[in-house]
Amino acid sequence: MQDLRLTTLSGSTMVLPQSAVSGFCSRICGDVLGPGEDDYDKARSVFNAMIDRRPALIVQCAGVEDVMAAVAFIRDHDLLASIRGGGHGVTGHAVCDGGLVIDLSRMKNVRVDPARRTAHAEGGATWGDFDRETQTFGLASTGGIVPTTGIAGLTLGGGIGYLNRKYGLACDNLISADVVTADGRVLKASAEDNADLFWALRGGGGNFGVLTSLEYRVHPVGPVLGGELIFPLDRAKETLRFYRDWSLTAADEVRADATLLSSPEGPALAIIVCYCGSIDDGERVLRPLRQFGPPVVDTIGPSPYARIQNLLTEVLAPGFCHYWKSGFFRSFSDDAIERLVDFFAADVPSPFAAVAIEHLGGAVARVGERDTAFSHRRAQHSCLVLRAWPDPAASQDNIAWGRSCYGVVEPFLEQGVYVNYLGDEGESRVRAAYGANYERLAALKQKYDPTNCFRGNQNIKPSDK
Ligand SMILES: Cc1cc2nc3c(=O)[nH]c(=O)nc-3n(C[C@H](O)[C@H](O)[C@H](O)COP(=O)(O)OP(=O)(O)OC[C@H]3O[C@@H](n4cnc5c(N)ncnc54)[C@H](O)[C@@H]3O)c2cc1C
């Protein structure tokens, strides 16, 4: 390595002599990549192809010692840094221009204790890694519905998934985490150890340190009753009204997400269902939804849980530009359905746009809004407007469509927003994401990261700043 130009926390550029850089590299067991090196471009790319950031150093950590060395290095030199788990954050906060990336993607080990019904996973594991190991024992925990999403980023924001109505959010299943904090310590966070930090990690995002390991509660899951129902767009209004009423009183075992989508095959309404109780009970619970209409496609049947977790893998493949805008429905009213479907039908975009109505409630809503940092407990449905396109030159039109679509649903949404779906939308939206818990989170940020070393995220400012 030669002398290296790096961006500092204040945004200025500093030059680090070659000796300091090689001294740091010699402490790292994993790899350290810089511009021009093999794999640098691969290592700096993230899920959203809109993001094109060029870090000065990417530290691909092999273990906790590497993470500690990287944190000490950024602290000693006051450097801009980011933390990378699965790289799925739509804002691309996992990478930073000119700074140092603490990349955990090599730390993917998952160890299951079937007798205790727990699973320990390293901070760079994905839900694919996690499901693979836990399903070996017929177990699972609430996790993201695309296997390449990182467990850490998702859990730190709350974590919704097909099992959330039965078993709560991903963060509700977190038992403990090992965290390298800004001062270089490795702290255990759990109900017994550093309980305030543990509270903050369950919804406060990557603001409080680098998670090297997460311990989850896991549950017997599978086979599930799941699959997809497709309805034509011209029957979307009546179907969504039926879906809404049915979903509000459905058993906790079921999650059903309704999505208006446009794809190369044309526009439609899709409802993806996962029932995690007994197959016989599931057949009874799902019958009204399957008989309504009826749908033109019905793929619901007994299935390994991992297959349902894979249904959207192709649709949500990396390499596309993405624009997301989301909120929680105050009420998914007839009026909201009317306007949303009219908008979608009048301006059917291509190649890919979706408005996903995600099914919450159940166990998610039985936790108090102050019990974890994730506060949006009362919402029964969330709404995610998602636009994806291949050509960066077409960004303006695609983003404009996303904004217009969101404008249609916005009057029906709460003020809050799910931090894991939030784009770069400004300070007031960040506050809305942490909602009622923002002040407590800012006080804990002051305690655990007073210089705001970890600011490459939906940032909580330390309370004294
Ligand atoms: C295709 C796709 C599907 C998705 N599906 C779901 C879903 O089903 N449910 C849901 O709730 N969300 C979902 N999301 C949103 C997802 O929860 C967020 O994008 C989340 O940030 C992804 O975490 P990551 O580790 O993959 O991302 P990264 O981009 O690597 O990280 C995002 C942020 O998380 C923090 N972070 C990541 N790892 C660590 C760590 N080890 N220690 C400390 N901080 C860390 C950092 O602040 C980082 O900036 C999905 C996103 C995509 C793109």
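Atoms within each ligand, like the ligands themselves, are counted from 1 in listed order. Residue indices begin at 1 and follow the sequence shown.
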Of [options], which has the heavy atom at the shortest distance from [atom]?
{"atom": "atom 42 (N) of ligand 1", "options": "L211, N420, V180", "result": "L211"}
{"atom": "atom 43 (C) of ligand 1", "options": "G153, G209, G123, G158", "result": "G209"}
{"atom": "atom 40 (C) of ligand 1", "options": "G206, G150, A152", "result": "A152"}
{"atom": "atom 4 (C) of ligand 1", "options": "T212, L201, T149", "result": "T149"}

Side chain or backbone, does [X] bring an N or O within less than 3.5 Å of an N or O on ligand 1?
{"X": "G144", "result": "no"}
{"X": "G85", "result": "yes"}
{"X": "V90", "result": "no"}
{"X": "Y418", "result": "yes"}
{"X": "G87", "result": "yes"}

For [X] and [Y], take the angle between the two ring planes, folded into 0 to 90°, and tell me which bin it lands in: parallel under 30, tilted 30 to 60, perpendicular over 60.
{"X": "F344", "Y": "W401", "answer": "perpendicular"}
{"X": "F329", "Y": "F332", "answer": "tilted"}
{"X": "Y216", "Y": "F130", "answer": "perpendicular"}

Please work out, at 4.0 Å between heavy atoms, whether the side chain, the backbone, both, or neither of [X] comes within that distance of ligand 1.
{"X": "W324", "value": "side chain"}
{"X": "I151", "value": "neither"}
{"X": "Y421", "value": "side chain"}

For [atom], the protein heavy atom that lies nearest, with its residue and separation:
{"atom": "atom 8 (O) of ligand 1", "result": "I145 N, 2.9 Å"}
{"atom": "atom 24 (P) of ligand 1", "result": "G86 N, 3.4 Å"}
{"atom": "atom 29 (O) of ligand 1", "result": "G89 N, 2.9 Å"}
{"atom": "atom 9 (N) of ligand 1", "result": "I160 O, 2.7 Å"}
{"atom": "atom 44 (N) of ligand 1", "result": "L156 CD1, 3.3 Å"}
{"atom": "atom 10 (C) of ligand 1", "result": "L154 CD1, 3.2 Å"}
{"atom": "atom 2 (C) of ligand 1", "result": "H88 ND1, 3.5 Å"}
{"atom": "atom 46 (C) of ligand 1", "result": "I83 O, 3.7 Å"}

Atoms of ligand 1 close to [X] [distance to a heavy atom under 4.0 angstrom, numbered from 1]:
{"X": "N457", "answer": "47 (O)"}
{"X": "F47", "answer": "1 (C), 53 (C)"}
{"X": "G159", "answer": "11 (O)"}
{"X": "V210", "answer": "42 (N), 43 (C)"}
{"X": "G456", "answer": "47 (O), 49 (O)"}
{"X": "H93", "answer": "49 (O)"}

Side-chain touch [X]/[Y], heavy atoms, less than 4.5 angstrom:
{"X": "V224", "Y": "Y162", "answer": "no"}
{"X": "W127", "Y": "T155", "answer": "yes"}
{"X": "I151", "Y": "E122", "answer": "no"}
{"X": "L286", "Y": "W246", "answer": "yes"}
{"X": "T142", "Y": "C171", "answer": "no"}
{"X": "D196", "Y": "K447", "answer": "yes"}

**Prompt:** Less than 4.0 Å between a side-chain N and a carboxylate O, is that true for D31 and R106?
**Reply:**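 Looking at D31 together with R106, the answer is yes, because their closest N to O distance falls below 4.0 Å.
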**side-chain contact (heavy atoms from CB on, under 4.5 Å) partners of R366, counting only residues at least two apart** =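 Only D252, A363 meet the side-chain contact (heavy atoms from CB on, under 4.5 Å) criterion with R366.
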**Message:** Taking salt bridge (charged side-chain N to carboxylate O under 4.0 Å, His left out) as the criterion, tell me which of K166, R217, R377, R165 meets it with D172.
**Reply:**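 Testing each of K166, R217, R377, R165 against D172, the sole residue satisfying salt bridge (charged side-chain N to carboxylate O under 4.0 Å, His left out) is R377.
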**Centroid-centroid distance, F374 to H376, less than 6.0 Å** =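 Yes, close enough.
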Which atom pairs, one a donor and one an acceptor, fall under 3.5 Å between side chains of residues 61-68 and the rest of the protein, sequence neighbours left out?
{"residue": "D66", "atom": "OD1", "partner": "C29", "partner atom": "N", "Å": "2.9"}
{"residue": "D66", "atom": "OD2", "partner": "C29", "partner atom": "N", "Å": "3.3"}
{"residue": "D66", "atom": "OD2", "partner": "G30", "partner atom": "N", "Å": "2.9"}
{"residue": "D66", "atom": "OD2", "partner": "A62", "partner atom": "N", "Å": "2.8"}

**Request:** Mark yes or no: R202 above the aromatic ring of F198, with NZ or CZ under 6.0 Å from the six-membered ring centre and no more than 45 degrees from the axis.
**Result:**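 Cation-pi check for R202 and F198: passes.
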**Asked** Protein heavy-atom contact under 4.0 Å for atom 33 (C) of ligand 1?
**Response**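 Under 4.0 Å from atom 33 (C) of ligand 1, zero protein heavy atoms found.
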**Item:** Any donor-acceptor N or O pair under 3.5 Å, side chains Y421, E358
**Value:**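 Their side chains do contain a donor-acceptor pair, which is all the 3.5 Å distance test asks for.
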